[in-house]
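Below is one structure; the comments refer to it alone.
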Amino acid sequence: MPAQKIETGHSDVVHDVQMDYYGKRVATASSDATIKIIGVGSSSAAQPLATLTGHQGPVWQVAWAHPKFGSILASCSYDGRVIIWKEGNQNEWAQAHVFHEHKASVNSISWAPYEIGLCLACGSSDGSISVFTVRSDGGWETNKIDQAHPVGVTSVSWAPATAPGALVGSGLLEPVHKLVSGGCDSTVKVWKLYNGTWKMDCFPALQMHSDWVRDVAWAPNLGLPKSTIASASQDGTVVIWTVGKEGEQWEGKVLKDFKTPVWRVSWSLTGNLLAVADGDNNVTLWKEAVDGEWQQVSTVEP
């Protein structure tokens with residue numbers, strides 16, 4: 001499929017672009033404090049559908065909830081707020097909820113796997129991670145990991161809801177509640193929910209980076225016997241972390257030193273391809289070979 005160029009209509013830097021579940025719309029987040037919803041049909045040119053205003057600073061990330069919960073989008077901003085947007089009539093969006101829990105920029109948001117329910121994790125420069133879960137009465141309950149990365153949280157990502165090696169669809173297992181976070185302390189940390197409290201699930205913190213961790217992404221597992229996380233850093237490296245069984249030590253392996261800050265890492269839906277966006281404006285795709293070595297499969301032309 002040929003690349004499609006999208007004119008976003010933003011008047012400042014675009015920080016994030018997320019496609020919805022069906023691949024029909026993208027949401028973009030920008031320093032102009034707005035979010036744009038753009039239709040991207042396969043046949044026609046991209047068309048602007050809506051502009052969401054409500055943040056008072058740069059919007060860093062947007063995230064679509066699973067469609068089983070309706071048409072819902074979350075956004076986080078430098079203004080310290082997280083906004084949940086709900087689409088009523090087509091292309092008419094309203095603020096369904098605004099969270100003011102954080103005292104500084106909220107840098108990253110991630111919806112939990114839908115099996116867990118409507119649940120959003122947020123990482124902030126105030127050092128904490130908050131997890132907001134919708135209750136049956138429509139209200140939200142807040143669970144916080146204080147001092148997750150005391151100098152600032154840059155990124156959060158959920159683990160798949162099925163444990164590694166579990167038979168997908170067996171339906172008897174409790175969904176896994178786990179998160180990974182990256183921070184300005186150059187570490188990656190794994191968290192697990194124990195009896196309603198989030199606790200660190202890796203000791204010590206995962207440390208192979210020498211500068212800020214910019215992004216973390218937990219790979220879908222699709223029944224594989226191991227868990228995999230990618231982390232990208234200001235130090236120019238991407239590290240692939242793997243662990244076999246519960247309670248074992250995570251092991252890290254440098255994918256590559258890109259010699260320029262690495263901004264984002266993102267897995268394909270099947271978890272076998274990793275996209276890396278670096279500071280030289282390159283996006284490269286990587287795949288793990290049978291021998292466990294990672295190989296670059298292609299470069300995405302800008």
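Looking only at side-chain heavy atoms (C-beta outward), I37 and L73 come within less than 4.5 Å of each other. The closest side-chain heavy-atom distance from V106 to W60 is not below 4.5 Å.
Closest heavy-atom contact between V153 and A148: CG2-CB, 4.2 Å. Taking every heavy atom of both residues into account, A27 and V62 meet most closely at O-CG2, 3.7 Å. When all heavy atoms are compared, the tightest approach of A275 to L285 is CB-CD2, 3.6 Å. Of all non-hydrogen atoms in V239 and G252, the two that sit nearest each other are CG1-CA, 3.9 Å. Annotation for A277 and V283: closest pair CB-CG2, 4.3 Å, computed over non-hydrogen atoms.
With hydrogens and angles left out, the side-chain atoms of T34 and D32 include a donor and acceptor closer than 3.5 Å. Looking only at atom types and distance, the side chain of T187 has no donor-acceptor partner in the side chain of H209 under 3.5 Å away. Side-chain polar atoms of S130 and H102 form a donor-acceptor pair below 3.5 angstrom.
No option in T142, L179, L193 other than L179 meets the side chain to side chain contact (heavy atoms under 4.5 Å, CB included) test with V131. The one candidate from C184, S128, S181, S124 that meets the side chain to side chain contact (heavy atoms under 4.5 Å, CB included) condition with H149 is S181.
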_Before you tell me yes or no, could you show the steps for K287 and Q295 under side chain to side chain contact (heavy atoms under 4.5 Å, CB included), namely the whole-Å CA-CA distance, both residues' side-chain angles and the distance that decides it to 0.1 Å?_
CA-CA 5 Å; K287 194 173 185 150; Q295 294 165 340; 5.7 Å; no
_Is there a ring-ring contact (aromatic ring centres under 6.0 Å, His included) between W250 and W218? Walk through the geometry before answering._
CA-CA 13 Å; W250 286 84; W218 203 308; 5.6 Å; yes
*Dump the intermediate steps for side-chain hydrogen bond (donor to acceptor under 3.5 Å, both in side chains) on T284 and N282, then the final yes or no.*
CA-CA 6 Å; T284 49; N282 294 316; over 6 Å; no
*Could you give me the CA-CA distance, side-chain angles and deciding distance for D201 and K178, then say whether side chain to side chain contact (heavy atoms under 4.5 Å, CB included) is met?*
CA-CA 9 Å; D201 195 49; K178 275 191 185 183; 3.0 Å; yes
*Decide side chain to side chain contact (heavy atoms under 4.5 Å, CB included) for V156 and V216; before the verdict, give the C-alpha distance in whole Å, the side-chain angles of both, and the deciding distance to 0.1 Å.*
CA-CA 6 Å; V156 285; V216 287; 5.7 Å; no
*Check step by step if side chain to side chain contact (heavy atoms under 4.5 Å, CB included) holds for W241 and M208.*
CA-CA 10 Å; W241 305 91; M208 273 179 69; 3.6 Å; yes
Do any side-chain atoms of residues 77-88 form donor-acceptor pairs under 3.5 angstrom with protein atoms, and if so which ones, sequence neighbours left out?
| from | atom 1 | to | atom 2 | distance (Å) |
| --- | --- | --- | --- | --- |
| S77 | OG | G57 | O | 3.4 |
| S77 | OG | P58 | O | 2.8 |
| S77 | OG | D79 | N | 3.0 |
| S77 | OG | D79 | OD1 | 3.3 |
| D79 | OD1 | R81 | N | 2.8 |
| D79 | OD2 | H55 | ND1 | 3.2 |
| D79 | OD2 | Q56 | N | 2.8 |
| D79 | OD2 | R81 | NE | 3.3 |
| D79 | OD2 | R81 | NH2 | 3.4 |
| R81 | NH2 | G54 | O | 2.9 |
| W85 | NE1 | S75 | OG | 2.8 |
| E87 | OE1 | R25 | NH1 | 3.1 |
| E87 | OE1 | R25 | NH2 | 3.4 |
| E87 | OE1 | S71 | OG | 2.7 |
| E87 | OE2 | R25 | NH1 | 3.1 |
| E87 | OE2 | N91 | N | 2.6 |

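Between E7 and K36 no salt bridge is recorded (no basic side-chain N to carboxylate O distance below 4.0 Å). Classification of K226 and E288 as a salt-bridged pair holds, one side-chain N sitting under 4.0 Å from a carboxylate O. By the 4.0 Å N-to-carboxylate-O rule, D16 lies close enough to R264 to be salt-bridged with it.
Cluster membership check: I229 does not share its hydrophobic cluster with L273, using side-chain heavy-atom separations under 4.5 Å among Ile, Leu, Val, Met, Phe, Trp and Tyr. If you chain together hydrophobic residues whose side chains sit under 4.5 Å apart, I109 and V134 fall into the same group. Under a hydrophobic clustering in which Ile, Leu, Val, Met, Phe, Trp and Tyr are joined whenever their side-chain heavy atoms come within less than 4.5 Å, directly or via other members, L118 and F132 fall into the same cluster. Under the 4.5 Å side-chain heavy-atom criterion for Ile, Leu, Val, Met, Phe, Trp and Tyr, I38 and V17 are members of the same hydrophobic cluster.
Taking a 6.0 Å sphere around CZ of F69, one finds it holds more than 12 heavy atoms contributed by other residues, nucleotides or ligands. Around the CG atom of D137, the shell of radius 6.0 Å holds more than 12 heavy atoms that belong to other residues, nucleotides or ligands.
From W198, atom CH2 reaches atom NZ of K192 across 10.5 Å, with rounding to the nearest 0.5 Å. Interatomic distance, CG of D235 versus OG of S186, reported as 7.5 Å (0.5 Å rounding). Between I129 atom CD1 and N143 atom CG the span is 11.0 Å, to the nearest 0.5 Å.
Using cut-offs of 30° and 60° for the angle between ring planes, the F99 and H97 rings count as tilted.
Shown here are the side chain to side chain contact (heavy atoms under 4.5 Å, CB included) partners of A230, two or more places apart in sequence or in another chain: I240, V265, W267, L274.
Cation-pi geometry between K256 and F258 is met: under 6.0 angstrom from the ring centre, within 45 degrees of the axis.
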